[in-house]
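The structure under discussion appears below in the form of structure tokens.
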Amino acid sequence: MTTHPAPEGSAVTTTATSLRTGLALRGVTLGYPDGESRLIALDEVELTVAPGEFTALVGPSGSGKSSLLAVAATLLRPDRGEVLIDGVDAGALGGRERTALRRERLGIVFQQSNLLASLTAVEQLLVLESVRGRRPARARGRAEELLESVGLTGAEQRRRPHQLSGGERQRVNIARALFGSPSVLLVDEPTSALDHERGVQVVELLAEVTRTHRTATVMVTHDRDLLGRADRVLAMRDGRLTEEV
Ligand code: ADP
Ligand code: MG
């Protein structure tokens, strides 16, 4: 088990002692307002992802994949059911505690790269360290190691987003998501802006980091050619989850 030091200056330490057991959704149901009624985006979803497991999630547009990730990321609260991160029930936490849980246990890579335009690749990671209240200098070595491990050279690490290719930016996103040593890694369509070959490389990287960092990883993808790298493929249809063989 990787030890996970509590960030200095963090007032919230509720989650610091729980084991890393991954992600579980239990009977998760989510609706959005739709005129007089509600549109059911997630319908009694059951999902368990263990540490080191690379799960792919496929399904037609509008089937609920991004909603599932948003609920798992504790960004949306389900109408019913439980979201457990390392066994901690996110629904039972207050806002501050949930934010701390997210910061300490979750890594999120969204469809759109949301890198800050004025920062170099290394700084994209280090800025999180300032947010955590730690001193950036100490973290620089670790940030550089992580960026190198996702395939970015020293020169590339000093570039700003507009000086990097789409594939390189996605690698920075992945390194940034890993920087807080998350237990759960949630990735939404990481290859949608990439050509096929770069898409394959990014998915191979995700498979590798899932093993080396022991993350419980869920990756949403449209691209069926990329599913071979996953340990498990789940399919979503009309908010319901089924396992594919
Ligand atoms: P996917 O990622 O599989 O394309 P989504 O989770 O984005 O699916 O959407 C599932 C359903 O919920 C769709 O019918 C979509 O239109 C609807 N939906 C998603 N987000 C919202 C929202 N913020 N407000 C209302 N409806 C939404
Ligand atoms: Mg989506």
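Remember, it's 1-based here, ligands and their atoms both numbered in the order they're listed.
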With a 4.0 angstrom cut-off on heavy atoms, strictly below it, pick out the residues next to ligand 1 and order them by chain and number. Tyr32, Leu39, Ala41, Pro60, Ser61, Gly62, Ser63, Gly64, Lys65, Ser66, Ser67
Residue pair Asp231, Arg211: steps toward the salt bridge (charged side-chain N to carboxylate O under 4.0 Å, His left out) verdict: CA-CA 11 Å; Asp231 297 318; Arg211 275 161 200 85; 2.9 Å; yes
Polar contact flag, side-chain donor to acceptor under 3.5 angstrom, Ser183-Asp86: yes
Full working for side-chain contact (heavy atoms from CB on, under 4.5 Å) between Leu42 and Thr29: CA-CA 5 Å; Leu42 298 175; Thr29 297; 5.8 Å; no
Let me know which of Leu227, Thr55, Leu57 forms a side-chain contact (heavy atoms from CB on, under 4.5 Å) with Val233. Leu227
Side chains of Ser181 and Arg142, donor plus acceptor under 3.5 Å: yes
Under 2.8 Å from the Mg ion (ligand 2), how many protein N, O or S atoms can be found? 1
For Leu194, is there any backbone N or O sitting under 3.5 Å from a side-chain donor or acceptor partner on Thr191? no
Quick check: are there more than 12 heavy atoms from other residues, nucleotides or ligands sitting under 6.0 Å from CG of Asp238? no
Answer yes if the side chains of Ser63 and Arg240 hold a donor-acceptor pair under 3.5 Å, and no otherwise. no
Working note: His196 + Asp223, criterion side-chain contact (heavy atoms from CB on, under 4.5 Å); need CA distance, chi angles, decisive distance, verdict. CA-CA 9 Å; His196 181 74; Asp223 192 342; 3.9 Å; yes
